[in-house]
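These notes are about the structure you will find just below.
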Amino acid sequence: MSSPTVSIEGPTSTTSEGFLAAAKSGGCAPSSYGSSPTSPGDVDPAIWDKIKDHPCFSEEAHHYFARMHVAVAPACNVQCNYCNRKYDCANESRPGVVSEKLTPDQALRKVIAVANEVPQLSVLGIAGPGDACYDWEKTKATFDRVIREIPDIKLCVSTNGLVLPDHVAELAEMNVDHVTITINMVDPEVGAKIYPWIFYENRRYFGIEAARILHARQMLGLEMLSARGILTKINSVMIPGVNDQHLFEVNKMVKERGAFLHNVMPLISDPAHGTHYGLIGQRGPTAMEMMALQDRLEGGAKLMRHCRQCRADAVGLLGEDRGQEFTLDGIPDGVTYEAGKRQAYRQVVAHERRDHEAARSEAIGMVKATDSEKSLLVAVATKGGGRVNEHFGHAKEFQVYEVSPRGISLVGHRKVERYCLGGGGEDATLEGVIAALEGIHIVLCAKIGNRPKEQLSRAGLRVTDAYGHDYIETAVSALYAAELGIRPLAATA
Ligand code: CLF
Ligand code: SF4
């Protein structure tokens, strides 16, 4: 078999030359604030070993590694007011939504096909489209099949927690060491506004009684996982006016019970989705409201700030979804796993990560040494590898970094409609991009044309492609230094 070639960037690049040309120096451990662990120095070595290739549990890993979900678990025992699993749209991105439900055998075929084509793949998650623990037989059958064929893939489960305590022992036996529980409340009065009913032990419960049972089971499940050393992430949906202030109590209580990360996500609400909240006009938070709440939660359970609210059949790096490339009708029946591409990719990434860590450490050291109170929000167009490597017009999202004397940290992302679809961009689309970048001080991208640059400038947004293909932290620290007058900032509009 010929030796496979791999790249650390997104799916469009499939050779190693780009990476090899870009790799420059050696590495060490930097520090960061505000988000999930980014380097071995941030956590206990045994924990780092578990999270270092998990794109959700480590912010640093999400630059290099991909997850895939298989939609094998359609049944659910809870009704959330933000969920309607009947809705399906390829452009929609939210939990509970899938295009193709799979049996465990079909799921195995799909995982093998993806592992052969997506060398970044490191984690198989089951996140519905219902509840992975309630639809347990299918979840377990899928994991059993996949781990026999691809022993080094990480298994990950996302659940509402209602029947989680019944399956903790089996999760531990299967070496599932990452579990997400969606916990939106720790007060049943708040819970009754989010969950109209639950189905538990062959009975339907409503209102506060339902929320009380759900809360007790979630806390028990979390405690049981923590006692076994299984890493837990708590997802909370921020619902303005319903639980936004209450999430402080949630954060405190899950931290006390050993939660590893807390991921606060914005409510996605649209009448067209047919959810209860969508239909009654319950709004989601703005990007700035989300960031403000996350900032206020700092100091409690460590926050995840790079979540992309994936579909239950998502495939790829967190900022992308390649699910449509891997539909069952395009996967041959007897497909077999070929380990070569993933192994080669891991070798390339190990080297690249050392280099990146050295650059990040240097960049963070530089901003920490500045004598300033200034804080900047920088939006970065990237397609992976931790570099400024996406064209402005091709970006479907911007990662948002905050830089201040406290360090450089990823604090969120802004989804946008791709401005350039070939042959120039639409003004209306650009207006949407500008609106999505509310509160941003400077935009970094690999390339931008004069026309969008001028329009951004007229809207008061600075943008530069002077740091194209640099590491993000290196570019951000250089911008910061220029803002403070330490070095001139080249090529800003
Ligand atoms: Fe999937 Fe969830 Fe596992 Fe990740 S997603 S089951 S922990 S492998 Fe990740 Fe997607 Fe956010 Fe979930 S970005 S919605 S946090
Ligand atoms: Fe939907 Fe998940 Fe809530 Fe079930 S637990 S209703 S699948 S969001």
Side-chain angles (χ1 to χ4, degrees), residues 35-36 50-51 53-59 61-62 65-87 93-98 111 120-135 139 143 153-164 176-184 191 194-199 210 214 217-218 230-237 239 260-268 273-277 303-321 323 397 412-413 415:
S35 56
S36 51
K50 283 186 183 176
I51 65 168
D53 298 343
H54 196 306
C56 304
F57 279 69
S58 160
E59 184 251 299
H62 103 285
F65 289 102
R67 51 67 181 113
M68 75 174 288
H69 293 160
V70 284
V72 293
C76 189
N77 48 358
V78 165
Q79 180 59 57
C80 304
N81 278 333
Y82 48 77
C83 180
N84 175 9
R85 297 189 304 282
K86 290 191 193 108
Y87 187 90
S93 177
R94 63 194 167 86
V97 175
V98 297
V111 176
Q120 298 98 331
L121 181 69
S122 63
V123 178
L124 169 66
I126 298 185
D131 187 74
C133 286
Y134 183 57
D135 225 343
T139 296
F143 280 163
I153 201 164
K154 283 193 174 300
L155 304 178
C156 192
V157 159
S158 177
T159 175
N160 60 42
L162 184 56
V163 294
L164 169 65
V176 175
D177 49 19
H178 298 82
V179 173
T180 293
I181 316 171
T182 300
I183 300 180
N184 296 315
I194 302 170
Y195 305 101
W197 56 259
I198 65 165
F199 186 73
L214 180 61
R217 298 286 291 172
Q218 288 176 334
I230 296 174
L231 296 179
T232 49
K233 174 167 64 60
I234 307 306
N235 281 358
S236 298
V237 180
I239 310 162
F260 180 67
L261 279 178
H262 189 195
N263 173 27
V264 178
M265 311 181 293
L267 171 72
I268 300 171
H273 298 160
T275 64
H276 174 73
Y277 281 150
L303 297 179
M304 173 188 189
R305 295 178 76 152
H306 61 284
C307 175
R308 305 300 203 281
Q309 291 177 283
C310 318
R311 291 163 55 101
D313 57 3
V315 173
L317 295 172
L318 295 194
E320 67 184 11
D321 188 353
E397 65 166 34
H413 72 284
K415 285 196 171 130

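Every number for a ligand or one of its atoms is a count from 1 in the order of the listing.
Scored by the ring pair (Phe, Tyr, Trp, His ring centres under 6.0 Å) test, His413 finds no partners at all (sequence neighbours excluded). Annotation: side-chain hydrogen bond (donor to acceptor under 3.5 Å, both in side chains) contacts of Asn77 (sequence neighbours excluded): Asn160.
Every atom of ligand 1 is numbered from 1 in the order shown, and the set under 4.0 Å from a heavy atom of Val123 is 8 (S). Close contacts between ligand 1 and Thr180 involve ligand atoms 7 (S) [criterion: under 4.0 Å to a heavy atom]. Atoms of ligand 2 found under 4.0 Å from any heavy atom of Asn160, numbered from 1 in the order shown, are 5 (S). Every atom of ligand 1 with a heavy atom of Cys307 under 4.0 Å away is listed here by number and element: 11 (Fe), 13 (S), 14 (S), 15 (S). Heavy-atom contacts of Cys310 reach the following atoms of ligand 1: 5 (S), 10 (Fe), 13 (S), 14 (S) (cutoff under 4.0 Å). If you number the atoms of ligand 2 from 1 as listed, the ones under 4.0 Å from a heavy atom of Gly130 come out as 7 (S). Close contacts of ligand 2 with Pro129, meaning ligand atoms under 4.0 Å from a residue heavy atom, involve 7 (S). Close approach of ligand 2 to Tyr82 is summarised as follows: ligand atoms under 4.0 Å from at least one heavy atom of the residue are 8 (S). Distances below 4.0 Å separate heavy atoms of Arg308 from the following atoms of ligand 1: 11 (Fe), 13 (S). Under a 4.0 Å criterion applied to the non-hydrogen atoms of Leu318, ligand 1 contributes the atoms 13 (S). Numbered from 1 in the order shown, with element, the atoms of ligand 1 that lie under 4.0 Å from a heavy atom of Lys233 read 7 (S), 15 (S).
Distance CD/Gln79 to OG1/Thr275: 9.5 Å, rounded to 0.5 Å. The CG atom of Asp313 lies 6.5 Å from the CG atom of Asp321; values are rounded to the nearest 0.5 Å. The distance from atom CD1 of Ile194 to atom CG of Asn184, rounded to the nearest 0.5 Å, is 5.0 Å.
With Ile181 as the partner, the side chain to side chain contact (heavy atoms under 4.5 Å, CB included) test is satisfied by one option alone out of Leu162, Asn235, Ile234: Ile234.
Contact annotation for His69 and ligand 1: only side-chain heavy atoms (C-beta onward) come within less than 4.0 Å of the ligand. Proximity of Met265 to ligand 1, defined as any heavy-atom pair under 4.0 Å, is not found for any part of the residue. Of the heavy atoms in Arg67, only side-chain atoms (C-beta onward) come closer than 4.0 Å to ligand 1.
A tilted orientation is assigned to the rings of His62 and His306, their planes being inclined by 30° to 60°. Ring planes of Phe57 and Phe260: parallel class, angle under 30° (limits at 30 and 60°).
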| message | Quick one, Lys154 with Ser122, criterion side chain to side chain donor-acceptor pair (under 3.5 Å). Give me CA distance, side-chain angles, the key distance, then yes/no. | response | CA-CA 6 Å; Lys154 283 193 174 300; Ser122 63; over 6 Å; no
Inset, instruction - Check the pair Cys56, Leu318 against side chain to side chain contact (heavy atoms under 4.5 Å, CB included), reporting the backbone distance first and the verdict last. - result: CA-CA 8 Å; Cys56 304; Leu318 295 194; 4.1 Å; yes
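For atom 7 (S) of ligand 1, the nearest non-hydrogen atom from the set Pro55, Cys156, Ala312, Ala127 belongs to Cys156. Considering Cys76, Cys83, Ala73 only, the shortest heavy-atom separation from atom 8 (S) of ligand 2 involves Cys83.
Scanning both residues, Cys156 and His54, for their nearest heavy atoms gives SG-NE2, 3.4 Å. Considering all non-hydrogen atoms of both residues, Ala210 and Ile198 come closest at O-CD1, 3.6 Å.
Using a cut-off of 2.8 Å, one finds that Cys80 contributes an N/O/S atom close to atom 3 (Fe) of ligand 2.
Residue His178 places every heavy atom at 4.0 Å or more from ligand 1. Heavy-atom separations between Val78 and ligand 2 include at least one value shorter than 4.0 Å. The closest approach between a heavy atom of Met304 and any atom of ligand 1 is below 4.0 Å.
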